[in-house]
Amino acid sequence: MPMLYLTEQGAVLGREGDRLVVRKGEEVLLSVPAFKVEGVWVFGGVQLTTPAIGLLLAQGIEVCFFTVEGRLKGRLTPILSRNALLRLRQFERYTNEGFRREIAARIVAAKLENARRLLLRYARAYPGPGWEKPLQAMERRIAQVQEAPDLETLRGIEGSGTAAYFEAFREMVRGELRFEGRHRRPPRDPVNAMLSLGYALLTGEMIGKIAACGLDPYIGFYHEVRHGRPALALDLVEEFRHAVVDRLVLSLVNRRAFRAEDFEEREEDGAVLLRPEALRRYLTAYEAFMRRSPGEGASSWRERLDEQVRRMARAVWSGSLYTPFRMEA
């Protein structure tokens with residue numbers, strides 16, 4: 001089922017029977033049966049009526065609230081999974097340093113391997129000597145992962161490998177939009193704006209899937225636990241950053257689906273953001289990508305995310321090894 005993205009500022013999501021209805025003033029912008037919606041993502045100043053909230057909760061539909069530029073603010077979620085025993089087991093595993101290191105090492109190795117495979121695809125498509133150095137750097141980091149004695153060392157390896165990857169990412173951006181390096185808070189150019197928004201959307205999806213499975217999205221094994229940080233969601237997103245968001249953004253940029261005039265710079269902090277119409281096109285492209293099959297038997301990327309959450313739940317429950325997602329070569 002698709003997500004319902006609400007980006008029209010000043011719109012109101014209400015309920016008519018079992019349908020969700022979006023209005024702005026007297027105009028009906030959308031009317032859809034609730035059972036056809038997987039989740040509702042609200043951007044900026046969009047209101048929800050109390051009857052609509054009641055219908056969403058009754059149908060088990062999660063709502064994620066984002067700022068207008070795409071930063072995740074919070075969630076409205078149905079009652080937490082009743083699987084308290086799984087959460088207790090998760091807390092036990094969190095205190096087991098050996099378990100945490102093993103899970104983290106597998107996640108970091110998969111993330112770096114996925115980045116390397118994406119680089120290799122572009123190196124084959126656009127041969128040249130510029131790919132050799134970053135590919136060698138990434139291969140060294142991947143080889144170092146299993147020898148890392150602790151989480152801090154793993155984070156250093158992952159950071160170094162990611163830096164090498166984004167150095168090469170500049171060569172992968174081949175459209176008219178330029179990319180000079182990864183800048184997150186705030187994004188300083190259009191490519192960073194699209195990357196940051198994609199990572200936020202993916203994290204929002206992962207939080208909901210983890211909570212629905214019965215795990216606590218805030219107790220992770222690779223990312224440290226901090227107030228307000230969805231550490232386990234961020235752990236699982238690592239496997240999909242390059243496979244989903246980077247591929248989507250590179251496709252949009254290199255096909256020139258977005259141009260400089262689709263973005264604007266915010267005066268107070270210099271953040272570069274998608275204009276409203278461009279945001280809608282980006283969300284449409286993201287939704288289409290997430291509904292595509294990643295192969296390996298999954299009918300969509302969302303189904304693949306579900307499978308990874310179930311794998312993590314099995315690893316937490318039994319103490320068995322976790323198998324991260326890896327892109328096809």
Side-chain angles (χ1 to χ4, degrees), residues 1-15 20-25 27-32 34 36-50 52-53 55-57 59 61-77 184-209 211 217 228 230 233-234 237 244-245 248-249 252 257-258 261-291 301-302 305:
M1 289 189 292
M3 293 284 184
L4 177 58
Y5 300 90
L6 301 179
T7 63
E8 183 67 32
Q9 302 304 288
V12 178
L13 177 66
R15 172 184 184 175
L20 294 168
V21 180
V22 183
R23 296 179 184 275
K24 187 170 184 180
E27 183 183 3
V28 175
L29 303 180
L30 178 73
S31 175
V32 61
K36 289 189 174 181
V37 175
E38 177 163 334
V40 178
W41 289 6
V42 179
F43 292 79
V46 178
Q47 298 180 51
L48 280 66
T49 67
T50 301
I53 291 172
L55 177 59
L56 292 166
L57 293 176
Q59 296 281 340
I61 300 170
E62 184 176 83
V63 184
C64 283
F65 295 91
F66 295 84
T67 62
V68 72
E69 66 266 26
R71 181 172 57 81
L72 180 64
K73 294 192 297 183
R75 304 157 52 227
L76 172 69
T77 182
R184 297 183 299 165
R185 295 175 182 171
R188 299 290 187 186
D189 58 57
V191 176
N192 273 295
M194 287 193 282
L195 288 173
S196 293
L197 177 57
Y199 297 150
L201 296 174
L202 201 55
T203 302
E205 295 214 35
M206 197 62 89
I207 291 172
K209 293 179 183 301
L234 294 174
V237 162
V244 172
V245 177
L248 170 65
V249 171
L252 295 174
F258 287 81
E261 54 266 30
D262 289 320
F263 301 84
E264 58 188 348
E265 184 174 327
R266 190 165 57 194
E267 283 188 11
E268 55 263 38
D269 60 1
V272 173
L273 309 173
L274 286 142
R275 294 183 185 276
E277 188 277 333
L279 173 62
R280 286 191 283 273
R281 280 193 283 123
Y282 182 91
L283 294 175
T284 299
Y286 174 84
E287 180 66 21
F289 191 99
M290 294 303 291
R291 297 175 73 177
W301 279 101
R302 288 204 172 96
L305 300 185

> R15: what forms a side chain to side chain donor-acceptor pair (under 3.5 Å) with it, not counting sequence neighbours?
Replying inline: none

> Are any non-hydrogen side-chain atoms of L30 and L4 less than 4.5 angstrom apart?
Replying inline: yes

> So do the side chains of L56 and V37 get within less than 4.5 Å of each other, counting heavy atoms only?
Replying inline: no

>> With heavy-atom distances below 4.5 Å as the criterion, would you say the side chains of L274 and R280 are in contact?
In response: no

>> Going by side chain to side chain contact (heavy atoms under 4.5 Å, CB included), name the residues that satisfy it together with Q9, two or more places apart in sequence or in a different chain.
In response: V46, V68

>> Which heavy atom of F263 sits nearest to which heavy atom of V272, and what is that distance?
In response: CB-CG1, 3.9 Å

>> Please enumerate all residues that pass ring-ring contact (aromatic ring centres under 6.0 Å, His included) together with Y282, with sequence neighbours excluded.
In response: none

>> S31: which residues meet the side chain to side chain donor-acceptor pair (under 3.5 Å) condition with it, sequence neighbours left out?
In response: R19

>> With heavy-atom distances below 4.5 Å as the criterion, would you say the side chains of V244 and F289 are in contact?
In response: yes

> For Y5, which residues count as a ring-ring contact (aromatic ring centres under 6.0 Å, His included) partner, sequence neighbours excluded?
Replying inline: W41

>> Quick check: closest heavy atoms across A285 and L252, and the distance to 0.1 Å?
In response: CB-CD2, 3.9 Å

>> Just to verify, what does E264 make a salt bridge (charged side-chain N to carboxylate O under 4.0 Å, His left out) with, not counting sequence neighbours?
In response: R275

>> For P187, give me all partners under side chain to side chain contact (heavy atoms under 4.5 Å, CB included), at least two apart in sequence or on another chain.
In response: N192, A193, S196

>> For a quick test of reading the model, state the closest non-hydrogen atom pair linking L279 to F43 and the distance between them.
In response: CD2-CD2, 4.4 Å

>> Please determine whether side chain to side chain contact (heavy atoms under 4.5 Å, CB included) holds for the pair L283 and L201, giving the CA-CA distance in whole Å, both sets of side-chain angles, and the decisive distance to 0.1 Å.
In response: CA-CA 9 Å; L283 294 175; L201 296 174; 3.8 Å; yes

> Looking only at heavy atoms, which two atoms of G10 and K24 are closest? And how far apart?
Replying inline: O-CG, 4.2 Å

>> Suppose we screen for side chain to side chain contact (heavy atoms under 4.5 Å, CB included). Which residues come up paired with L76, at least two apart in sequence or across chains?
In response: I53, L57, V63, F65

> Does a side-chain N-to-carboxylate-O contact under 4.0 Å join E62 and K209?
Replying inline: no

>> Working note: M3 + R302, criterion side chain to side chain contact (heavy atoms under 4.5 Å, CB included); need CA distance, chi angles, decisive distance, verdict.
In response: CA-CA 11 Å; M3 293 284 184; R302 288 204 172 96; 3.2 Å; yes

>> Applying salt bridge (charged side-chain N to carboxylate O under 4.0 Å, His left out), can you list everything that pairs with E27, at least two apart in sequence or on another chain?
In response: none

> How many angstroms lie between CD in E205 and OH in Y286, if you round to the nearest 0.5 Å?
Replying inline: 3.5 Å

> Do I207 and L72 come within less than 4.5 Å of each other through their side chains, counting heavy atoms only?
Replying inline: yes

> Nearest heavy-atom pair of A11 and L29: which atoms, and what distance?
Replying inline: CB-CD1, 4.3 Å

>> For T67, give me all partners under side chain to side chain contact (heavy atoms under 4.5 Å, CB included), at least two apart in sequence or on another chain.
In response: E69, R71, K73

> Excluding sequence neighbours, so at least two apart, what forms salt bridge (charged side-chain N to carboxylate O under 4.0 Å, His left out) with E267?
Replying inline: none

>> Pair L202, M290 - check side chain to side chain contact (heavy atoms under 4.5 Å, CB included), show working.
In response: CA-CA 10 Å; L202 201 55; M290 294 303 291; 4.1 Å; yes

> For atom CD of Q47, is the number of surrounding heavy atoms from other residues, nucleotides or ligands below 6.0 Å larger than 12?
Replying inline: no

>> Test of understanding: with salt bridge (charged side-chain N to carboxylate O under 4.0 Å, His left out), list the residues that count as partners of D262, not counting sequence neighbours.
In response: R281

